[in-house]
Amino acid sequence: MLFRHRVVAGLFLPCCLHLICAAACFGKVKRHDMIIMKNGDRFTGEVKKLEQGILYIETDYFSGSVGIDWIQVEKVESKATFQVVLSDGKRLTGSISKVEAAAGGGRDFTVYAADAEVPVPGVDVVQIESQKQNFWRQLKGSIDLGYNFTSGNNQSSLSTSASVAYVAERWGVGTAYSASLSGQTGGATTNLFESQTFADRFLNRNSFVIGLGDFLHSSQQDLSLRTTLGGGYGRYLKRTNQNSLRWLAGVDYTKANYHAGLSQPTQNNVELLLGAEYQLFRFDRYTAQSQFLLFPGLSDFGRVRFTTNDTLSVKLSNNFYLNFTFWDNFDSHPPLSAKKNATGLSTGLGWSF
């Protein structure tokens with residue numbers, strides 16, 4: 001098993017990111033939206049987004065965004081334009097307001113769209129995203145960087161990953177990469193590089209179609225490059241402010257180039273694509289995510305591949321987080337002398353934007 005221990009080298013990177021974030025976020029807000037909590041507390045500032053059960057706002061008197069529990073919010077009033085996603089998958093665009101549950105007759109949240117007012121229960125609102133003025137400000141993503149050195153055996157490892165996505169009202173695109181290098185003086189060196197891209201088209205309610213691409217290099221499995229291109233149809237079975245569950249079914253094509261000297265240096269295959277993803281959110285504490293993708297062979301019947309990625313992220317301050325990840329890439333019929341599994345366990349410190 002390859003163990004990747006992500007510990008950010010020194011305090012330089014977190015401190016720099018913290019200073020950059022503070023400098024960018026601290027200052028006068030452009031709007032004065034009103035937020036009233038159930039205990040009577042009042043906030044005045046810019047509503048930025050609702051994500052994973054947390055409403056983020058920026059004010060004149062805090063550095064950076066403040067996260068508050070959406071369940072504890074009594075009233076909201078904003079004239080800005082937002083993209084709103086409901087638990088049934090419906091997507092709306094417009095200004096928003098929230099009143100006391102009793103006053104709203106069970107439909108205490110209203111989206112003022114261009115052609116109509118849409119009242120809904122506040123508990124059914126799972127995502128609110130402010131409509132940014134340009135493409136770059138609409139991007140969302142994360143960055144991880146880590147380094148570990150053990151003096152006893154002169155073993156070191158370096159790992160890094162990043163992701164970025166753009167989500168509009170009816171579609172979304174994104175890309176991500178991860179890299180891990182591990183070596184020891186006088187010993188073997190292992191490395192893994194992976195790049196992924198996706199494009200979503202949101203259909204009615206909780207269904208969607210997706211196209212994806214994956215490019216993997218793994219010295220553990222003697223893989224020079226495995227290219228996977230495919231797509232399919234998926235649907236959310238559950239989507240709330242506390243958790244979500246969705247599935248995916250489709251078809252993909254893979255081309256795997258192995259290191260020279262193996263019995264089958266190049267393999268091509270058409271596969272089924274079956275997958276599921278579960279996410280669990282806990283206010284201001286942690287997020288757990290589990291993803292599993294299964295690839296039964298069609299042109300190479302009997303061959304099965306799967307990948308799994310399970311992550312627990314513990315929230316820190318100023319968009320920093322500590323994560324623990326287990327991942328596994330499995331192939332039931334690799335070339336002779338190539339390994340079936342590439343497995344890893346990592347811990348890391350990251351920052352999201």
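These numbers come from the heavy atoms of this one structure, side chains and all, not from hydrogens, waters or symmetry mates.
Put simply, CD on E77 and NE2 on H32 are 15.0 Å apart, with the number rounded to the nearest 0.5 Å. With rounding to the nearest 0.5 angstrom, the OH atom of Y278 is 4.5 Å from the CG atom of L280. Note: I96 CD1 to F82 CZ = 4.5 Å, rounded to the nearest 0.5 Å. From S78, atom OG reaches atom CD1 of I35 across 8.0 Å, with rounding to the nearest 0.5 Å.
Heavy-atom minimum distance, N241 versus V123: ND2-O, 4.1 Å.
Side-chain polar atoms of Q83 and E129 form no donor-acceptor pair below 3.5 angstrom. A donor atom on one side chain and an acceptor atom on the other are found under 3.5 Å apart for Y321 and D144. Residues D300 and H333 bring no donor and acceptor atom of their side chains to less than 3.5 Å of each other. Looking at D310 and S290, their side chains do bring a donor and an acceptor atom within 3.5 Å of each other. For the residue pair Q52 / T287, a side-chain donor-acceptor distance below 3.5 Å is found, with atom types taken as modelled. For the residue pair R303 / Q267, a side-chain donor-acceptor distance below 3.5 Å is found, with atom types taken as modelled. Defined by atom type and a distance below 3.5 Å, a donor-acceptor pair is missing between the side-chain atoms of D214 and T228. D222 and S219 share no donor-acceptor pair across their side chains, judged by distance under 3.5 Å alone. For the residue pair D328/T308, the side-chain donor-acceptor check at 3.5 Å is not satisfied. Side-chain N/O atoms of T175 and T197 include no donor and acceptor closer than 3.5 Å.
Residue pairs meeting the side-chain hydrogen bond (donor to acceptor under 3.5 Å, both in side chains) criterion with at least one member in residues 111-125, sequence neighbours excluded, are S97-Y112. Applying the salt bridge (charged side-chain N to carboxylate O under 4.0 Å, His left out) rule to pairs touching residues 237-253 yields R246-E277, sequence neighbours excluded.
Looking at N206, its side chain never comes within 3.5 Å of a backbone N or O of R235 through a donor-acceptor pair. A donor-acceptor contact shorter than 3.5 Å links the side chain of D88 to the backbone of K90. In terms of modelled atom types and a separation under 3.5 Å, the side chain of D108 and the main chain of G122 share a donor-acceptor contact. Side-chain atoms of H217 come within 3.5 Å of backbone N or O of L223 as a donor-acceptor pair.
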Should E46 and K48 be marked as a salt bridge (charged side-chain N to carboxylate O under 4.0 Å, His left out) after you check the CA-CA gap, both sets of side-chain angles, and the distance that decides it?
-> CA-CA 6 Å; E46 291 185 34; K48 307 303 289 186; 3.3 Å; yes
Run the salt bridge (charged side-chain N to carboxylate O under 4.0 Å, His left out) check on R226 and D331 step by step: do they pass?
-> CA-CA 12 Å; R226 174 189 287 146; D331 187 346; 3.5 Å; yes
Yes or no on side chain to side chain donor-acceptor pair (under 3.5 Å) for N269 and T254, after CA distance, side-chain angles and deciding distance?
-> CA-CA 5 Å; N269 195 12; T254 64; 4.9 Å; no
Determine, stepwise, if the pair S163 / S142 fulfils side chain to side chain donor-acceptor pair (under 3.5 Å).
-> CA-CA 5 Å; S163 65; S142 62; 3.1 Å; yes
Side chain to side chain donor-acceptor pair (under 3.5 Å) between N204 and S207, intermediate numbers included = CA-CA 6 Å; N204 294 332; S207 60; over 6 Å; no
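For the pair R201 and F208, the cation does not sit on the ring face, since its NZ or CZ is not both under 6.0 Å from the ring centre and inside 45° of the axis. Because its NZ or CZ atom is not both nearer than 6.0 Å to the ring centre of F202 and within 45° of the ring axis, R170 does not count as a cation-pi partner of that residue. Geometrically, K49 engages Y56 in a cation-pi contact, judged by NZ or CZ lying under 6.0 Å from the ring centre and within 45° of the ring axis.
Between L216 and F193 there is no side-chain heavy-atom pair separated by less than 4.5 Å. Side chains of V304 and L294 form a contact here, defined as non-hydrogen atoms less than 4.5 Å apart. The shortest side-chain heavy-atom distance between Y177 and T160 falls under the 4.5 Å cut-off. Counting only heavy atoms from C-beta outward, the side chains of L55 and K98 never approach each other to under 4.5 Å. In this structure, Y233 and L203 have side chains that are in contact, with non-hydrogen atoms separated by less than 4.5 Å. Counting only heavy atoms from C-beta outward, the side chains of N329 and N341 never approach each other to under 4.5 Å.
A salt bridge is defined here as a Lys NZ or Arg NE, NH1 or NH2 lying under 4.0 Å from an Asp or Glu carboxylate O, and K140 with E51 meets this definition.
Between F320 and W351, the ring planes are tilted. Angles from 30° to 60° get that label.
Taking the six-membered ring where the residue is Trp, the centroids of F306 and F295 are separated by 6.0 Å or more.
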